[in-house]
Amino acid sequence: MLPTDSYAWQYLESTVADVLQSYAYKEIRFPVLESTELFKRSIGEVTDIVEKEMYTFDDRNGESVTLRPEGTACCVRACEQNGLLYNQIQRLWYQGPMFRYEKPQKGRLRQFHQFGVETFGMAGPDIDAEMLLITSRLWRELGISDAVTLQLNTLGTSEERKAYRAALVAYLTERKDQLDEDSQRRLGSNPLRILDSKSVSTQALLNDAPNLHDYFGEETQAHFNGVKAFLDAAGIEYQINPRLVRGLDYYCFTVFEWVTDKLGAQGTVCAGGRYDGLVEQLGGKATPAVGFAMGVERLVLLLQELNAIPEGLSQAVDVYVVAMGNVQAPAFQLAEQVRTALPHLRVMSHCGGGKFKKQMKKANDSGADVALIIGEDEVAAGQASIKFLREEREQQTLSVEEIIAVLQS
RNA sequence: GUGGACGUAGCUCAGUCGGUAGAGCCCCGGAUUGUGAUUCCGGUGGUCGCGGGUUCAAUCCCCGUCGUCCACCCCA
């Protein structure tokens with residue numbers, strides 16, 4: 001990521017941090033490198049991520065380690081090892097690089113970055129809804145609400161899913177020859193993923209297939225209705241998508257995705273759901289949990305696509321200090337005085353000498369609104385000149401105090 | 001992993017039906033010895049991704065390789 005993009009990242013990062021802070025979430029940080037076993041046990045052995053997308057290697061002790069492909073498992077491990085989950089409620093967030101060995105394309109990189117939120121110890125639909133309140137508010141803060149839509153589904157309990165899975169496999173096995181090639185392969189490995197296949201013919205075939213929602217018992221229905229009721233009350237729009245499934249094994253009940261049609265093939269900008277079984281699966285006490293992750297690169301692309309980054313953020317300089325003649329030391333001193341008095345201003349001192357004309361051109365190109373000019377005359381008089389580069393206004397030669405006063409206004 | 005496109009100056013790209021390359025922007029100098037944005041003039045800058053093959057001669061044709069992009073797949 002280059003300086004031309006970093007301001008967009010900083011804008012996104014600070015907006016996300018502010019929103020999460022306003023919901024009283026706490027930041028957690030954990031390592032980039034984890035034991036390979038952690039991901040096999042959490043994400044699922046037969047998922048694509050674990051089977052072919054992990055950066056896995058042996059360390060010097062011969063232990064298999066992996067660059068994290070996602071944050072949830074790492075977060076659970078870190079919390080578990082530090083006693084944050086035992087009979088406790090946690091609302092946490094994190095941020096950082098993730099690694100998946102995939103073929104790069106737009107919105108999909110081998111090292112990419114996520115914001116993640118994980119909550120523990122809350123079983124009701126209210127905290128599920130809070131995930132969507134948070135993300136919905138974030139889109140509003142970022143000015144991209146119109147570009148994203150919420151897809152919502154529930155996966156029920158693992159027993160319900162198991163029963164449905166059997167019915168789906170039975171139905172599709174009878175019609176295997178009508179399935180596309182990828183779906184035929186998934187029939188054996190991960191049949192639920194056939195539901196969100198992009199193949200038109202496969203989707204048509206699914207219209208008469210068993211419906212997951214027919215397999216839900218009272219608990220699942222009630223939980224899902226609860227989530228929907230909170231969303232309705234909050235005025236958050238959503239689409240129920242019964243074919244929305246997740247690529248990671250640990251999800252149950254509520255799952256959701258925020259998607260956009262503005263980014264080409266990689267349209268999911270944020271996704272998450274409930275994963276009540278994971279903590280126990282990783283050796284802890286059974287703990288309800290909900291969370292989500294957002295793709296930073298995709299959100300930055302979307303912000304840029306929509307021109308949603310506030311003007312002025314890309315400007316790096318407010319004041320450019322020009323030194324005429326052999327007065328670099330006093331010029332530095334002037335710049336330091338301005339920085340001390342007005343720390344919010346970005347003050348750049350010209351370095352490298354050169355002709356005055358050249359320095360003025362640099363001042364202009366820097367994007368600064370004003371240039372402070374100091375030469376031998378000014379040094380002798382204990383003054384400096386202030387020139388306004390973006391407005392019709394007379395250049396003035398003033399004392400340092402007066403210049404600071406002008407800059408302040 | 002599969003398919004397609006593309007790698008020429010710092011950037012965006014043109015070009016040579018095979019005879020070792022050009023524009024715009026950027027940068028530097030000048031018109032203008034202490035005043036930028038508009039002009040005008042001049043200049044620097046390229047083993048034409050890398051390796052092999054064909055040829056008198058390859059940036060161009062062929063093969064391989066690496067990289068990038070887009071889509072599939074997968075997912076944030």
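Below, chains carry the letters A, B, ... as their sequence lines are ordered, and counting in each starts from 1. The model shown is predicted, which means the values in this text are computed figures rather than measured ones. Atoms considered below: every heavy atom in the structure, side chains included; atoms not considered: hydrogens, waters and symmetry mates.
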Does A:Glu280 use its side chain to pair, donor to acceptor, with the backbone of A:Gly277 at less than 3.5 Å? no

For B:rU2 versus B:rU59, give the span between their C1' atoms, rounded off to a whole number of Å. 31 Å

Is there a salt bridge (Lys or Arg N to Asp or Glu O under 4.0 Å) between A:Arg393 and A:Glu391? Walk through the geometry before answering. CA-CA 6 Å; A:Arg393 192 165 159 189; A:Glu391 55 184 315; 3.8 Å; yes

Under 4.5 Å between any side-chain heavy atoms of A:Val300 and A:Gln304, yes or no? yes

Do A:Arg108 and B:rC69 share a donor-acceptor pair, side chain to base, under 3.5 Å? no

With a cut-off of 6.0 Å (strictly less than), are more than 12 heavy atoms of other residues, nucleotides or ligands near CG of A:Asn207? yes

How is A:Lys52 classified with respect to the nucleic acid when contacts are heavy atoms under 4.0 Å: base, sugar-phosphate, or nothing? nothing

I'd like the C1' distance from B:rA9 over to B:rG3, given in whole Å. 33 Å

Mind calculating the distance between CD (A:Glu102) and P (B:rG1) to the nearest angstrom? 13 Å

Starting from C1' on B:rG34, measure out to CG on A:Asn326 and report it in whole angstrom. 15 Å

Among residues 382-395 of chain A, which ones have heavy-atom contacts with RNA chain B below 4.0 Å? A:Lys387, A:Leu389, A:Arg390, A:Gln395

Could you tell me whether A:Glu53 contacts a base, only the sugar-phosphate backbone, or nothing, with contacts defined as non-hydrogen atoms closer than 4.0 Å? sugar-phosphate

Can a donor-acceptor pair be found between the side chains of A:Gln239 and A:Gln151 at a distance below 3.5 Å? yes

Using the P atom as the reference point in each nucleotide, state the distance between B:rC60 and B:rC27 in Å, no decimals. 33 Å

Are any of A:Lys362's side-chain N or O atoms less than 4.0 Å away from OP1 or OP2 of B:rC28? yes

What nucleic acid atoms does A:Ala363 come within less than 4.0 Å of, heavy atoms only: base, sugar-phosphate, or nothing? nothing

Same-atom distance (P) from B:rC11 to B:rG53, integer angstrom: 30 Å

Can you sort out which residues in residues 289-297 of chain A have a heavy atom within less than 4.0 Å of RNA chain B? Ascending by number, please. A:Ala293, A:Gly295

With nearest nucleotides of RNA chain B determined for A:Ile49 and A:Leu263 from heavy-atom distances, which residue corresponds to the more 5′ nucleotide? A:Leu263

Donor-acceptor pair present, A:Glu378 side chain and B:rG34 base, under 3.5 Å: yes

Determine, stepwise, if the pair A:Asp182 / A:Arg185 fulfils salt bridge (Lys or Arg N to Asp or Glu O under 4.0 Å). CA-CA 5 Å; A:Asp182 287 315; A:Arg185 179 175 50 75; 3.4 Å; yes

Tell me the partner of B:rG43, counting only Watson-Crick (N1-N3 plus N6-O4 or O6-N4) or G-U wobble (N1-O2 and O6-N3) with both under 3.5 Å; none if nothing fits. B:rC27

Remember a base hit wins even if backbone is also touched, and classify A:Gly107 as base, sugar-phosphate or nothing at under 4.0 Å, heavy atoms. base

Below 4.0 Å: OP1/OP2 of B:rA71 and any side-chain N or O of A:Gln105: yes

Whole-Å P distance, B:rG10 and B:rU47: 7 Å

Under a 3.5 Å limit for both distances, which nucleotide forms a Watson-Crick or G-U wobble pair with B:rU32, could you say? none

Please walk me through it: do A:Lys228 and A:Asp232 pass salt bridge (Lys or Arg N to Asp or Glu O under 4.0 Å)? CA-CA 6 Å; A:Lys228 286 189 288 187; A:Asp232 292 337; over 6 Å; no

Are side-chain N/O atoms of A:Trp258 and A:Thr135 paired as donor and acceptor at under 3.5 Å? yes

Just name whichever nucleotide pairs with B:rC61, Watson-Crick or G-U, keeping both distances under 3.5 Å, else none. B:rG53

So with a 6.0 Å cut-off around CZ of A:Arg243, is the heavy-atom count from everything else above 12? yes

Check whether any side-chain N or O of A:Lys198 sits under 4.0 Å from OP1 or OP2 of B:rC72, and answer yes or no. yes

Please work out which of the three classes, parallel, tilted or perpendicular, describes the rings of A:Tyr164 and A:Tyr215, given edges at 30° and 60°. perpendicular

Partner of A:Arg77 by salt bridge (charged side-chain N to carboxylate O under 4.0 Å, His left out), out of A:Glu118, A:Glu34, A:Glu37: A:Glu34

Is any side-chain N or O of A:Lys361 closer than 4.0 Å to OP1 or OP2 of B:rU35? no

Say you pick atom C1' in B:rC56 and the same atom in B:rG18; how far apart are they, in whole Å? 12 Å

Which residue lies toward the 5' end of RNA chain B, A:Asp365 or A:Ile373, if each is placed at its nearest nucleotide? A:Asp365

For B:rG36 and B:rG43, measure between their C1' atoms and round to the nearest Å. 22 Å

Any strand is fair game: report the nucleotide pairing with B:rA71 by Watson-Crick or G-U wobble, both distances under 3.5 Å, or none. B:rU2

Looking only at side-chain N and O atoms, does A:Lys355 come under 4.0 Å of OP1 or OP2 in B:rG30? yes

Please report the distance, rounded to the nearest Å, between CZ in A:Arg100 and C1' in B:rA76. 7 Å

